[in-house]
Amino acid sequence: MGILDRLNPMQREAASTIEGPLLILAGAGSGKTRTLTHRIAYMIHEQGVNPWNILAITFTNKAAGEMRERVDDLVGGGAEAVWVMTFHATCVRILRRYIDLLGGYDTNFSIYDTDDQKTVMKAVMKKLNIDPKQYKERTLLSAISHAKDDLISVQEYERSTFGDFTKAVIARAYREYQETLKRSNAVDFDDIICLTVELFQKHPEVLESYQNRFRYIHVDEYQDTNLAQFKLISLLADRYRNLCVVGDDDQSIYKFRGANIRNILDFEQHYPEAKVIKLEQNYRSTQFILDAANAVIHNNYARKDKALWTDRGEGEKIRFMQCDNAYEEAEYIVDDIRSKVRNGGNYNQFAVLYRTNAQARLIEERLVLKGIPYNVVGGTNFYSRAEVKDIIAYLKTVENGQDEVALRRIINVPKRSIGAASIGKIEDYAEIRDYTLFQAMQYASEIPGLGKAAARIEGFVNLIRVLRAGLEDLGVSGTIRKIIDSIDYEEYLQDTYDEDADDRIENVEELYNKAVAYEESAEEPSLHEFLEQVALVSDLDNVDNGDGRVLLMTLHSAKGLEFPNVYLAGMEDGLFPSYMSISSGDQEELEEERRLAYVGITRAMDHLTLTAAKMRMQHGETQFNAVSRFVKEIPTELLDGYLPARKSRDDYDSSERFGGYESSYGRGFGEAPERKAAVAKPRAFGRRGSAPETVKPFIAQGVSALGAAGITKGVAGGGAPDYAVGDRVRHVKFGAGTVTALVSEPRDYKVTVDFDAHGPKVMYASFAKLVKL
DNA sequence: CTCCTTTGTCTTTTT
DNA sequence: GACAAAGGAG
């Protein structure tokens, strides 16, 4: 009878548990979206929950769109009232109503993307006299971003600096950056979340209204939430505590963006009454593919133990191919795809995944050569193209005159001969009168020293005024058209770019088309909503493989997708795992890479091919990379094709850890690796021969990493286990048993115990905490 | 103010 | 190898 009949028992239990906190640990391909959508349908249809009271939060628009569609299908009428949205869209919606309560912001705020943030930071550094050679804007921005992810305010950050000079610099930059954004009535991506948290904390009445509205909350991809998002969710869920989170700690791959894997690992601590349900049946891949994925991920520590299984049968072995260079790798992959399609297949059943976007190029070239249709997912965002950003900046200036980043971008584009000197004079004037830049520009004729520039500035101000006046009649698309015409933008593009002017003009037209499409679909079209979509939607969201094309994308973009045939290209130490993660000596970074490998492997339904190149151009120089350690972590019996030399734990020495770089500075180095030397010279640094500062900490950390590698057992579980095969041991949960096998693995000892009451179990020594009897 | 050459950087990137 | 930013010359 019910909606839940089509679910397996565990899925059904998860879907029917609607009261109280619930953690669904959903392995790759275990039907997580299906479970969530059925849960929502069950609530509405069989438990009489008002759709209005349900919130489902995702990370990507794509995931939100998919869920929206499936909920609509299952629920039918009334489903529109369910909020299915991304974190950012949810928060923007809340801020558009209430941000003015925080003071200093107005509800027509701009949203700054990464480029805009850089622009702001550059200005901040200039203003504060921060030496750009000593501090990169990227570093400062990422420090600020991480502070915001952790809900650390400017004041708190300032208090925590103590004698730390670098932190003090960051604190100054943080304060000025935040003040600049506020002056511009703008928020960045991180602000969207943490200002909402701030709003809830400072205005309990607002929080309460949303708590009452969202009685049932779902969070997808919970493993990727950061502290701010966690706080947001826990505030919202605090009243009714009906919080359902879904995730897979093994697929947490966004630590570098502030995701905190502890949120999912510690869910039961935060919510002691929580119910935990594991979905371990995989409906996607063959057993061999799952075995390989399980074997790789088992080398990680920080994870909840689980084992994916399938009833799909063993399937085919995983293929491994090491080519001489990256060209041959591309050739191998493309030829393989072509021959498989000739034997009856469709190009849309194939995906090539890689670690870095730069790897796409060679494969693309080969695909073009063979006339195979393909799509590259990601790479450069449509909205980050200069010509698109120009028009967007005009629109932002029309919407929000305080937006300085937008204003400065267009003030002299196309060239109006308003240069740095004139802008400086306007700035001074604005400072004295406490005006915004745009306000000051309206008094150009009064500003001393502008001379002829004053008239040109007035012309510009007038243009914006006219655009504002016409907005209501013309709408968004009409205003875009008017901008293009008034500034002769297409002519400007033609003059400025000789090579690709036509492409750029096309992009501008595409933006116009998007605006038209937006106006057709929106209930109540507005400029700020259009700008919001532009800021929050990426072209990743439009990935569609209905038209028979091979898909190329990074491993990160591939999360959540599945393909019958998957190629993982560039399986090399130094590329994947990345050079950074190896050289940092930080185990956590390496574990994140390993999770990425896990994500990659589990994208494959039937056929998985791993490829590597012995020699590859990276950053303009030839690198000789060793086969990725992740390939070596896959049991030999699952691999087909050329098999790399197997490595035992003890071979994970320095030359291996920083593997593959030997050839860059002379052969024979790897034969009898002198440990210190191997650590100190992992790689021939940039061609200009300068050893960057990173080398020093690198050496220090490298040595400690080496130390850690050398005494893995110690790190793993406080030394080698004190029991051996044949010994009797006791386990907290399973009771007494006999040790039947003890295998030393890179990170830990794998111990098999035949328990008296529960039969044989395989476990990792550091987790099992077995006591010798 | 603008154009051209030199210099430095370079993982991933849901929003 | 590719691209952006800074610095110097016109």
Side-chain angles (χ1 to χ4, degrees), chain A residues 57-65 85-92 111-115 117-119 122 132-133 136-139 142 145 149 187-193 220-221 223-226 228-229 251 253-259 353-359 361-362 377-381 383-384 386 412 415-423 453 496 532-541 543 553-561 570 574-584 589 592-593 595-596 599-600 616-622 685-688 690 692 694:
Chain A
I57 296 191
T58 64
F59 273 84
T60 63
N61 296 292
K62 186 168 185 257
M85 263 186 243
T86 64
F87 266 104
H88 290 81
T90 306
C91 290
V92 166
I111 298 170
Y112 278 2
D113 66 16
T114 345
D115 285 337
Q117 287 180 285
K118 273 191 200 161
T119 310
K122 252 180 255 162
K133 289 199 176 91
K136 280 171 274 174
E137 82 228 3
R138 261 192 42 177
T139 320
S142 101
S145 171
D149 289 342
V187 301
D188 64 21
F189 287 135
D190 302 310
D191 286 336
I192 290 174
I193 310 293
D220 193 13
E221 306 280 14
Q223 75 281 353
D224 290 329
T225 50
N226 60 33
Q229 287 157 338
Q251 293 188 65
I253 54 174
Y254 285 103
K255 185 187 170 225
F256 71 96
R257 300 183 66 117
L353 312 181
Y354 36 78
R355 182 68 235 274
T356 64
N357 276 311
Q359 287 169 259
R361 222 194 70 227
L362 289 181
V377 178
T380 9
N381 192 322
Y383 295 110
S384 58
N412 201 25
K415 303 255 179 316
R416 301 185 174 89
S417 296
I418 307 175
S422 306
I423 295 172
T496 317
E532 195 171 301
Q533 282 203 13
V534 166
L536 300 180
V537 174
S538 70
D539 20 349
L540 209 68
D541 302 318
V543 177
M553 67 185 100
T554 62
L555 288 153
H556 283 87
S557 312
K559 191 163 75 161
L561 305 177
L575 185 62
F576 185 36
S578 74
Y579 168 68
M580 293 289 197
S581 68
I582 298 172
S583 63
S584 72
E589 276 192 41
E592 173 132 324
E593 296 276 313
R595 290 192 289 272
L596 199 51
V599 168
R616 167 187 310 271
M617 269 299 232
Q618 270 174 281
H619 316 309
E621 51 176 24
T622 307
F685 269 98
R687 68 218 115 120
R688 277 172 267 270
S690 60
T694 50

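Not measured: the values here are computed from a predicted model. Reckoned from all heavy atoms, side chains included, excluding hydrogens, waters and symmetry mates. Residue numbers start from 1 in every chain, and the chains themselves are labelled A, B, ... in the order their sequence lines are given, proteins ahead of strands.
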For A/L596 and B/dT12, give me the distance from atom CG to atom C1', rounded to whole Å. 7 Å

Categorize A/A421 for me: base, sugar-phosphate, or nothing, with a 4.0 angstrom heavy-atom threshold over every strand shown. sugar-phosphate

Nearest listed nucleotide, side chain of A/H556, among B/dT2, B/dC10, B/dT13: B/dT13

Would you kindly give the CG-to-P distance between A/L555 and B/dT14, to the nearest whole Å? 14 Å

Ring-on-base stacking B/dT12 with A/F256 (under 5.5 Å, under 30°): yes

Identify which nucleotide among B/dT11, C/dG1, B/dT14 has an atom closest to any side-chain atom of A/Y254, counting heavy atoms from C-beta outward. B/dT14

B/dT13 pairs with, by Watson-Crick or G-U criteria that keep both distances under 3.5 Å: none

Using a cut-off of less than 4.0 Å, is there contact between a side-chain N or O of A/N61 and OP1 or OP2 of B/dT15? yes

In whole angstroms, how far is the C1' atom of B/dT13 from the NZ atom of A/K62? 16 Å

Side chains of A/F576 and A/L596, heavy atoms from C-beta outward: is any pair under 4.5 Å? yes

How long is the line joining CZ of A/F59 and C1' of B/dT13, in whole Å? 13 Å

Whichever of A/I418 and A/D190 has the more 5' nearest nucleotide on DNA chain B, that residue is A/I418

Check the phosphate of B/dC10 against A/R138, side-chain N and O only, distance under 4.0 Å to OP1 or OP2. Yes or no? yes

Using only side-chain N and O atoms of A/N357, determine if any of them is under 4.0 Å from OP1 or OP2 of B/dC10. no

So, does A/K122 get its side chain near the phosphate of C/dA5, meaning an N or O under 4.0 Å from OP1 or OP2? yes

What is the distance from OH of A/Y383 to C1' of B/dT14, rounded to the nearest Å? 16 Å

Starting at OH of A/Y354 and ending at C1' of B/dT13, how long is that distance when rounded to a whole Å? 14 Å

For the residue pair A/D224 and A/K559, establish whether any side-chain heavy-atom pair is separated by less than 4.5 Å. yes

For atom CG of A/D188 and atom P of B/dT13, their distance in whole Å: 20 Å

Just to confirm, is there a sub-4.0 Å distance from OP1 or OP2 of B/dT13 to any side-chain nitrogen or oxygen of A/T554? yes

Report the nucleotide, chosen from B/dT2, B/dT11, B/dT15, that has the shortest atom-to-atom distance to any side-chain atom of A/F189. B/dT15

Of C/dG1, B/dT2, B/dT11, the nucleotide closest to the side chain of A/K415 is B/dT2

Taking atom C1' of C/dG1 as reference, at what distance in whole Å does atom CE of A/M617 sit? 6 Å

Quick check for you: among C/dG1, B/dT11, B/dC1, whose closest atom lies nearest to any side-chain atom of A/R355? B/dT11

Is the shortest side-chain heavy-atom distance between A/D191 and A/Y112 below 4.5 Å? no

Donor-acceptor contact below 3.5 Å, side chain A/N412 vs main chain A/I418: yes

Looking across every strand, which nucleic acid part, if any, lies under 4.0 Å from A/E592 by heavy atom: base, sugar-phosphate, or nothing? nothing

Does B/dT15 have its OP1 or OP2 closer than 4.0 Å to a side-chain nitrogen or oxygen of A/N226? no

Among B/dC1, B/dT15, B/dT11, find the nucleotide with the atom closest to the side chain of A/T356. B/dT11

Sidechain-backbone polar pair: A/E593 side chain, A/S578 backbone, donor-acceptor under 3.5 Å: yes

Among B/dT14, B/dT11, B/dT13, the one nearest any side-chain atom of A/D224 is B/dT14

Looking only at side-chain N and O atoms, does A/S557 come under 4.0 Å of OP1 or OP2 in B/dT13? yes

When only distance counts, do a donor and an acceptor, one from the side chain of A/R257 and one from the base of B/dT12, lie under 3.5 Å apart? no

Kindly point out which of B/dT15, B/dC10, C/dG1 is positioned nearest to the side chain of A/K136? B/dC10

Please give me the minimum heavy-atom distance between A/T86 and A/I57, naming the atom from each residue. C-CG2, 4.2 Å

Heavy atoms, side chains only, cut-off 4.5 Å: are A/T554 and A/Y354 in contact? yes

